[in-house]
Amino acid sequence: MSEINNSVLLSTFLNGKKKVKIIFHKAVLVWDNEKPPLEQHTVPIENVISVQPNYLKATHPSMQRQIDPNQFTIHYAEKAVEDRWLYKSLSLKHNDSLQVASWVKTLQNHISKFHKRPKHLLLFVNPFGGKQNAMQIYEKYGKDLFAIAGVEVTVNVSQRKDQIRDFLITHNLDTFDSVACVGGDGTVSELFNGLVVRECRANGINPNDIHQVLPKPKIPIGIIPGGSTDTIAYCLHGTTDPTTAVLQIIFGDTLGLDLVSVYDEHNLLRLYASVLSYGYLGDVAYHSDQYRWMGPHRYDYSGFKKLVLNKGYQGEIAIYTDKKETEQEDCKSNCQICDRAKLNHERATCKPNLIFRWETFRGKFFMVSGANISCACSRSPKGIAPYCHLGDGKVNLVLVKHTSVFNNLRLLLRLSSQDASVDDLPFVETFSAREFCFRADNGSPSKWNCDGEVQHQTNIRAKVRCQLLTIFSRGSEKVRDNKGRCCNI
Ligand SMILES: Nc1ncnc2c1ncn2[C@@H]1O[C@H](COP(=O)(O)OP(=O)(O)OP(=O)(O)O)[C@@H](O)[C@H]1O
């Protein structure tokens with residue numbers, strides 16, 4: 001590899017009619033135009049998707065495509081604003097075919113060293129969620145880009161709820177090195193629930209036993225947003241832009257995402273990645289499902305109705321917490337908090353933890369939420385738990401006491417604000433925790449909203465599983481302004 005890293009190439013090519021001087025050194029491509037407009041581009045090799053020879057124009061339809069020895073194209077990705085990535089290409093021409101061959105071979109050699117880049121992808125498409133356009137999203141943003149990257153995609157369109165989950169549990173996946181989906185949070189949830197149960201079966205582990213260490217699925221997953229809120233995709237990539245999501249899969253870089261397993265008295269109900277929420281958000285999930293024909297607007301309608309009607313829900317919550325104030329540090333790419341948590345988890349899975357204690361609270365709640373990630377999305381740019389990390393092995397429990405409709409509105413305004421968070425409201429308490437347990441008092445309980453899906457059992461126990469899932473993503477680099485308080489009511 002060091003030999004490859006030391007390679008230097010320097011040439012002047014034609015890009016259309018423009019002369020382009022290009023250098024490849026220390027695994028970085030730099031080129032600029034020889035004449036105005038003078039622009040310089042710098043592209044590290046890890047952002048290059050592929051390098052391909054161009055083909056000569058066929059003079060007859062029956063002719064086989066022939067490689068043009070004097071031209072090639074560099075397909076690459078460039079970071080735009082707000083965590084978005086763009087696909088770009090640069091076609092280069094030279095009279096000396098040896099020069100062209102040398103560039104193509106050297107760059108292709110470099111790219112072939114990225115062993116984690118997927119080659120055989122199993123892609124599930126949910127035609128039902130969001131605006132029901134997941135297939136169009138794949139065809140518009142994914143199909144060509146995967147072909148350029150040399151990823152062979154097998155598309156599987158789901159025909160019913162839970163079909164993706166069942167498929168992953170029962171089918172042989174040996175021919176695939178990666179799985180992905182185009183859909184919303186419910187579709188992503190089907191994907192990882194299927195993979196974890198599959199891995200449990202393969203290792204003879206009973207997933208219903210809360211004390212078991214759940215096995216990590218070996219296959220990494222990709223997430224292309226195609227739902228209504230797409231919270232998981234937004235928190236991972238920092239955007240719900242589909243091209244960005246496709247490029248994250250192609251790059252092959254991964255990060256570890258915590259999952260939380262939820263149980264009733266006897267069984268594993270499901271695992272979740274974003275939030276498990278009782279009370280207000282549970283009511284919204286239950287109610288809004290009947291208005292799916294409205295598309296994403298169903299959340300506005302149900303959200304308003306359930307806000308006004310909320311009478312509070314009585315219950316008891318026990319939290320296995322370290323009682324630490326959440327560190328006010330964003331979870332960004334190469335997050336050190338997540339790296340430390342992974343190391344600690346690997347070293348100490350079997351040892352008892354002396355810092356964590358069970359704490360119990362009784363009361364009447366507007367909402368109880370166990371956030372596994374910040375839950376930021378376009379409707380709530382900071383999310384309910386802005387400093388919750390993707391892989392720190394903890395959930396942020398947000399307890400919102402029953403209070404006035406005015407205070408409930410304050411909470412929702414804070415949630416939709418760019419720069420205010422909910423944790424300093426007097427009726428909100430937050431805890432970082434590894435486990436929690438909730439019992440509803442008799443009466444008419446709410447439902448749980450689990451990654452946007454309704455969970456009917458009310459008495460549950462939930463446990464965080466540190467970095468159980470490997471996801472194709474380089475993470476978000478968004479820097480948030482944490483000082484402003486434009487909505488300080
Ligand atoms: N072919 C199908 N027919 C009906 N339901 C399906 C099908 N395929 C998947 N589902 C289910 O569709 C539901 C909604 O999908 P999804 O969560 O992806 O979209 P969404 O609810 O619009 O988005 P979000 O969860 O991001 O708000 C999920 O419960 C999923 O299990």
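Counting convention: from 1, in listed order, for ligands and their atoms alike. Hydrogens, waters and symmetry mates are skipped; everything else that's a heavy atom, side chains included, is used. Count residues from 1 along the sequence.
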Participant: Hey, is D441 close enough to R362 for a salt bridge, meaning N to O under 4.0 Å?
Facilitator: yes
Participant: Salt-bridged, E190 to K161, with N to O below 4.0 Å?
Facilitator: no
Participant: Verify the ring-centre separation between F431 and Y320: is it less than 6.0 angstrom?
Facilitator: no
Participant: In plain terms, say whether K394 and D322 are close enough for a salt bridge, that is, a side-chain N and a carboxylate O under 4.0 Å apart.
Facilitator: yes
Participant: So which heavy atom in the protein is nearest atom 14 (C) of ligand 1, and how far is it from that ligand atom?
Facilitator: R292 NH2, 3.6 Å
Participant: Would you say the ring centers of Y278 and F438 fall short of 6.0 Å from each other?
Facilitator: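 Judged by ring-centre distance (under 6.0 Å), Y278 and F438 do meet the cut-off.
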Participant: Does ligand 1 have a heavy atom under 4.0 Å from the side chain of Q163, from its backbone, from both, or from neither?
Facilitator: neither
Participant: Given D185, N126, V188, which has its nearest heavy atom closest to atom 25 (O) of ligand 1?
Facilitator: D185
Participant: Write out the residue and atom name of the closest protein heavy atom to atom 27 (O) of ligand 1, then the distance separating them to 0.1 Å.
Facilitator: T229 OG1, 2.7 Å
Participant: Using a 3.5 Å distance criterion without hydrogens, assess whether the side chain of T321 forms a donor-acceptor pair with backbone atoms of S432.
Facilitator: yes
Participant: Any idea which protein heavy atom is nearest atom 4 (C) of ligand 1, and the distance to it?
Facilitator: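 Of every protein heavy atom, F128 CG, 3.4 Å lies nearest to atom 4 (C) of ligand 1.
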Participant: Whether the side chain of R198 engages the backbone of L168 through a donor-acceptor N/O pair (distance < 3.5 Å, no angle test) should be reported.
Facilitator: yes
Participant: Which of the atoms in ligand 1, numbered in the order shown and given with their element, are less than 4.0 Å from a heavy-atom of Q159?
Facilitator: 1 (N), 2 (C)
Participant: Quick check: does D162 get an N/O under 3.5 Å from an N/O on ligand 1?
Facilitator: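 Looking only at distances, the answer is no, because the N/O contact criterion of under 3.5 Å is not met.
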Participant: So which protein heavy atom does atom 23 (O) of ligand 1 come closest to, and at what separation?
Facilitator: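 Scanning the protein heavy atoms, the shortest distance from atom 23 (O) of ligand 1 goes to S228 N, 2.9 Å.
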Participant: Polar contacts were defined as any N/O atom of the residue lying under 3.5 Å from an N/O atom of the ligand; does this apply to T231 and ligand 1?
Facilitator: no
Participant: What is the closest protein heavy atom to atom 29 (O) of ligand 1, and at what distance does it sit?
Facilitator: E453 OE1, 2.5 Å
Participant: Checking a contact table here: which protein heavy atom is nearest atom 30 (C) of ligand 1, and how many Å away?
Facilitator: E190 OE2, 3.3 Å
Participant: Looking only at protein heavy atoms, identify the closest one to atom 17 (O) of ligand 1 and say how far it is in Å.
Facilitator: G186 N, 2.8 Å
Participant: Between ligand 1 and R298, can you find any atom pair, the residue atom being a heavy atom, that is separated by under 4.0 Å?
Facilitator: yes
Participant: Which atoms of ligand 1 have any heavy atom of G130 under 4.0 Å away?
Facilitator: 19 (O), 20 (P), 22 (O)
Participant: So which heavy atom in the protein is nearest atom 16 (P) of ligand 1, and how far is it from that ligand atom?
Facilitator: T187 OG1, 3.6 Å
Participant: Using a 4.0 Å cutoff against the non-hydrogen atoms of D230, which atoms of ligand 1 qualify?
Facilitator: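 Taking each heavy atom of D230 in turn, ligand 1 has 26 (O) under 4.0 Å.
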Participant: Does this structure show an ion pair linking K116 with D177, if we count only N-O contacts that are shorter than 4.0 Å?
Facilitator: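 The answer is no: the pair does not qualify as a salt bridge.
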Participant: Q248 side chain to G222 main-chain N or O, any donor-acceptor pair under 3.5 Å?
Facilitator: no
Participant: Measuring from atom 1 (N) of ligand 1, which candidate in G129, S158, G227 has the nearest non-hydrogen atom?
Facilitator: S158
Participant: Keeping N172 on the side-chain end and D174 on the backbone end, is there a donor-acceptor pair under 3.5 Å?
Facilitator: yes
Participant: Tell me whether the centres of the aromatic rings in F366 and Y280 are closer together than 6.0 Å.
Facilitator: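 Ring centroids of F366 and Y280 are less than 6.0 Å from each other.
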